[in-house]
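The figures that follow rest on heavy atoms only: side chains count, while hydrogens, waters and symmetry mates do not.
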Amino acid sequence: MMESAAHSGEADTTSFHMDRKRHYQSVFQQVQALMQGVDNRVGVLANISALLHEELLHYFWVGFYIVRGEQMELGPFQGSVACYAIQRGHGVCGTAWAQGKTLIVPDVHQFEGHIACSSLSNSEIVVPVMRTREVIAVIDVDSKELDAFDQEDRHLLEQIAALVEPLL
Ligand code: SME
């Protein structure tokens, strides 16, 4: 009895992971589709934000910060009102910019210098958009849940970052 229960539990977990993987793949395909033949940068970034916000329910805030000179400026996003500018090395976004790598922060309250645009955010992922070796923008996602982001989110957002690079 116990054994079969354990087995069915395993099957549930596996199918959950498969479904989740498939869902993320389908979201990426939808992103590709809505970029097809469009060179409207603001429109595309706004639609990507809307799609991610709608499809991935733990994405409480999702959007772009775009490097302009010495700072990054708020770009298209979905979610609550956010700060307009972030300096290099400041907050999670500015740190991902300075380090040129994806940052997953399971608990933003433990991240020194985190910029709290909303008091409802508890975890965050920031993925840089790279051109050769330079960061030209970041994709920022916040969640109300603690520890909401994993390698699946990282993979999806890094794929999207590569896709939008030519537009920026
Ligand atoms: N929390 C970010 C700031 C941007 S908002 O989350 C939209 C940070 O620490 O860089």
| task | Say whether, by atom type as modelled, one donor and one acceptor occur between the side chain of Ser121 and the main chain of Asp142 under 3.5 angstrom. | result |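 No.
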
| message | Checking the side chain of Asp153 only, and the main-chain atoms of Asp150 only, is there a donor and an acceptor separated by less than 3.5 Å? | response |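 It does hold such a pair.
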
Nearest heavy atoms of [X] and [Y], plus distance in Å:
X	Y	result
Glu145	Ala148	O-CB, 3.9 Å
Leu146	Ser123	C-OG, 3.9 Å
Phe149	Ser143	CZ-CB, 3.6 Å
Pro128	Ala161	O-CB, 3.7 Å
Val62	Ser49	CG1-O, 3.5 Å
Cys83	Tyr65	O-OH, 2.8 Å

What's the spacing between [X] [atom1] and [Y] [atom2] if we round to 0.5 Å?
X	Y	atom1	atom2	answer
Asp147	His58	CG	NE2	10.5 Å
Trp97	Met72	CH2	CE	6.0 Å
Leu103	Ile125	CG	CD1	9.0 Å
Leu157	Thr102	CG	OG1	8.0 Å
Lys144	Ser119	NZ	OG	10.0 Å
Gln159	Phe28	CD	CZ	4.0 Å

| Which of parallel (below 30°), tilted (30 to 60°) and perpendicular (above 60°) describes Phe77 and Trp61? |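 Answer is parallel, since the angle falls under 30°.
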
| message | Determine whether Leu168 and Arg41 satisfy the following criterion, side chain to side chain contact (heavy atoms under 4.5 Å, CB included), listing intermediate values before the conclusion. | response | CA-CA 7 Å; Leu168 290 164; Arg41 156 178 143 154; 4.1 Å; yes

Any side-chain heavy-atom pair of [X] and [Y] under 4.5 Å:
X	Y	result
Met130	Ile136	no
Met35	Val164	yes
Asn122	His109	yes
Lys21	Glu152	yes
Val126	Glu124	yes
Gln99	Val135	no
Phe64	Val138	no
Ile66	Arg68	no

Counting only heavy atoms not in [X] (residues, nucleotides, ligands), do more than 12 fall under 6.0 Å from its [atom1]?
X	atom1	result
His53	NE2	yes
Arg131	CZ	yes
Glu134	CD	no
Asp19	CG	yes

If hydrophobic clusters are built from ILVMFWY residues whose side chains come within less than 4.5 Å, do [X] and [Y] share one?
X	Y	answer
Tyr84	Ile115	yes
Leu34	Val42	no
Leu52	Phe60	no

| query | Who pairs with Ser26 by side-chain hydrogen bond (donor to acceptor under 3.5 Å, both in side chains), at least two apart in sequence or on another chain? | reply |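 Scan of Ser26 (side-chain hydrogen bond (donor to acceptor under 3.5 Å, both in side chains), adjacent residues dropped) gives Gln30.
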
| request: Begin from the C-alpha positions of His23 and Glu55 and carry the test side-chain hydrogen bond (donor to acceptor under 3.5 Å, both in side chains) through to its verdict. | output: CA-CA 9 Å; His23 184 212; Glu55 285 283 339; 2.7 Å; yes

| request: Could you walk me through whether Leu56 and Leu156 pass the side chain to side chain contact (heavy atoms under 4.5 Å, CB included) test, one step at a time? | output: CA-CA 11 Å; Leu56 299 165; Leu156 172 68; 3.7 Å; yes

| query | Is any NZ, NE, NH1 or NH2 atom of the basic residue among Glu70 and Arg88 found under 4.0 Å from an Asp or Glu carboxylate oxygen of the other? | reply |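 No salt bridge links Glu70 with Arg88.
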
